[in-house]
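Heads up: the structure comes next, in structure tokens.
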Amino acid sequence: KKFWIYIVCVVVTAVLMLSLNYILQLPALIPIIGDENTWLPIIVDSIVAGVIFFAGEWFSNEDRLRNQIIAKKDDYKLISNGVCRVQSALNIKRKQLYFIYSLDINMNSRQLLSEILQSQQDIEDSINSFEQIKYLISSKKELNEFESTYKILSHSFQTVLDGLMTTVNNWCDTQSKSQQANNVTDIIGSSSDKLKYANLYVQSCNELESNKRKFLSTYRSQENNLASLLKRLDECTNNLLNAESKIITQLKSNL
């Protein structure tokens with residue numbers, strides 16, 4: 001492309017200089033001091049300077065465009081990583097179901113609590129990371145659609161995960177208190193004390209099972225809506241990245 005720029009400059013300069021042979025032979029409209037030896041070098045120098053100026057501007061604009069494209073590509077990488085991280089963190093439909101099914105009297109409560117907390121933290125971290133780079137996004141319409149979708153999903157998931165955390169924590173407290181009561185009744189308790197402990201344990205088991213059924217019922221009633229929101233999030237992610245990619249393509253076309 002630079003070769004053609006040089007060719008254009010040379011051709012334009014040559015045409016202008018050759019045109020002077022005819023222009024200078026035309027009758028003067030106003031009196032001019034000096035002859036062709038005086039004005040011809042000035043005119044030629046002006047033409048050459050003008051061509052050099054426009055060529056310099058041409059190259060300067062091209063360099064600016066190249067730098068702009070490089071900067072936009074770097075921004076696109078950050079945007080893509082941030083958007084995809086949010087998308088991945090919120091893609092926990094099956095994990096949510098796994099948490100619900102894990103609510104069982106024989107569950108490893110500490111491990112389950114850790115996994116639930118990790119999911120919550122992943123969502124928060126991904127959104128915080130995205131908030132720090134979203135100013136780089138030029139496609140405001142696509143950005144607004146993406147934000148509104150992920151905020152609905154994030155609120156829904158965090159509400160459910162908070163409920164699961166509460167349920168597991170309550171079960172941990174019940175287990176701890178029941179174990180303490182059981183140890184006491186084994187040492188100094190009577191048969192009635194043991195029966196009372198057994199009834200409390202059964203009551204806690206029933207409460208855990210009841211909470212599990214509620215979570216499952218809510219999940220099943222909202223499953224289609226959740227699937228629709230996750231699909232919408234995927235579409236918004238693709239639309240946003242495609243819109244940012246088109247900006248880069250448009251910049252390249254201006255080179």
Side-chain angles (χ1 to χ4, degrees), residues 84-131 146-237:
C84 291
R85 185 178 177 185
V86 172
Q87 181 188 28
S88 177
L90 289 172
N91 191 21
I92 59 169
K93 178 182 176 182
R94 293 186 181 277
K95 185 179 289 187
Q96 179 184 259
L97 188 60
Y98 157 74
F99 291 150
I100 296 173
Y101 277 123
S102 297
L103 297 177
D104 184 81
I105 59 174
N106 297 316
M107 65 182 170
N108 186 333
S109 302
R110 290 185 180 276
Q111 180 181 345
L112 188 58
L113 282 173
S114 176
E115 291 177 0
I116 296 173
L117 183 60
Q118 185 61 52
S119 293
Q120 288 184 305
Q121 194 63 51
D122 288 343
I123 293 174
E124 291 179 1
D125 290 346
S126 66
I127 292 176
N128 290 336
S129 177
F130 175 75
E131 288 292 326
F146 178 76
E147 281 190 301
S148 63
T149 304
Y150 87 64
K151 286 179 179 179
I152 293 173
L153 274 168
S154 174
H155 176 74
S156 300
F157 279 130
Q158 293 291 22
T159 300
V160 173
L161 293 175
D162 284 341
L164 288 167
M165 287 279 288
T166 300
T167 298
V168 178
N169 271 316
N170 289 342
W171 174 254
C172 289
D173 291 340
T174 298
Q175 285 287 85
S176 177
K177 293 176 182 178
S178 298
Q179 187 61 45
Q180 293 175 14
N182 188 31
N183 291 336
V184 172
T185 55
D186 284 341
I187 298 173
I188 60 174
S190 61
S191 297
S192 60
D193 293 327
K194 294 182 178 181
L195 181 61
K196 181 180 179 181
Y197 156 74
N199 288 332
L200 289 173
Y201 183 76
V202 170
Q203 182 180 348
S204 297
C205 291
N206 291 336
E207 183 178 352
L208 179 63
E209 186 62 28
S210 175
N211 288 333
K212 182 176 182 177
R213 287 195 298 269
K214 290 178 182 178
F215 279 116
L216 282 173
S217 176
T218 302
Y219 177 88
R220 286 165 182 159
S221 65
Q222 297 297 319
E223 186 174 10
N224 291 336
N225 184 43
L226 177 57
S228 177
L229 280 172
L230 288 172
K231 182 180 178 181
R232 177 60 180 162
L233 181 66
D234 292 342
E235 292 174 351
C236 290
T237 299

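Judged purely by atom type and a 3.5 angstrom limit, Thr218 uses its side chain to pair as donor or acceptor with the backbone of Lys214. Side-chain atoms of Ser210 never come within 3.5 Å of backbone atoms of Asn206 as a donor-acceptor pair (strictly under, hydrogens ignored). No donor-acceptor distance shorter than 3.5 angstrom exists from the side chain of Ser114 to the backbone of Arg110, with no hydrogens or angles considered. Distance alone, capped at 3.5 Å, places no donor-acceptor pair between the Ser217 side chain and the Arg213 backbone. The backbone N or O of Asn224 sits nowhere less than 3.5 Å from a side-chain atom of Ser228 that would complete a donor-acceptor pair. Between the Asn170 side chain and the Thr166 main chain, a donor and an acceptor come within less than 3.5 Å of each other. Checking side-chain atoms of Ser126 against main-chain N and O of Ile123 turns up a donor-acceptor pair under 3.5 Å. Judged by distance alone, with hydrogens and angles left aside, the side-chain atoms of Ser102 form a donor-acceptor pair with the main-chain N or O of Tyr98 at under 3.5 Å.
When all heavy atoms of Ile105 and Cys205 are compared, the pair lying nearest together is CG2-SG, 3.5 Å. Taking every heavy atom of both residues into account, Phe215 and Val160 meet most closely at CE2-O, 4.1 Å. The nearest pair of heavy atoms linking Trp171 to Asp104 is NE1-O, 4.4 Å.
The CG atom of Asp162 sits 5.0 Å away from atom CD of Gln120, with the distance rounded to the nearest 0.5 Å. Atom CG in Asn169 sits 6.5 Å away from atom CG in Asp173 (nearest 0.5 Å). Between Met107 atom CE and Leu112 atom CG the span is 6.0 Å, to the nearest 0.5 Å. Atom CG of Leu226 sits about 12.0 Å away from atom CD1 of Ile152, to the nearest 0.5 Å. Here the NZ atom belonging to Lys212 is positioned 9.5 Å from the CD1 atom belonging to Ile100, to the nearest 0.5 angstrom. Annotation: the span from Leu90 atom CG to Leu229 atom CG amounts to 10.5 Å, rounded to 0.5 Å.
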### Task
Please test Leu161 against Phe99 for side chain to side chain contact (heavy atoms under 4.5 Å, CB included), starting from the C-alpha separation and ending with a verdict.
CA-CA 9 Å; Leu161 293 175; Phe99 291 150; 3.8 Å; yes
### Task
Please step through side chain to side chain contact (heavy atoms under 4.5 Å, CB included) for the pair Phe130 and Arg85, ending with a clear verdict.
CA-CA 8 Å; Phe130 175 75; Arg85 185 178 177 185; over 6 Å; no
### Steps toward side chain to side chain donor-acceptor pair (under 3.5 Å) verdict (Asp122, Gln118)
CA-CA 6 Å; Asp122 288 343; Gln118 185 61 52; 2.8 Å; yes
#### Entry: Evaluation steps, side chain to side chain contact (heavy atoms under 4.5 Å, CB included), between Cys172 and Leu113
CA-CA 10 Å; Cys172 289; Leu113 282 173; 4.1 Å; yes
### Intermediate values then yes/no, side chain to side chain contact (heavy atoms under 4.5 Å, CB included), Lys95 and Glu115
CA-CA 10 Å; Lys95 185 179 289 187; Glu115 291 177 0; over 6 Å; no
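Within the 4.5 Å cutoff, the side chain of Cys236 has heavy atoms near those of the Arg232 side chain.
If you check the side chains of Gln203 and Glu207, you find no donor sitting under 3.5 Å from an acceptor.
Under 4.0 Å is where a charged nitrogen must lie from a carboxylate oxygen, and between Glu223 and Arg220 no such pair does.
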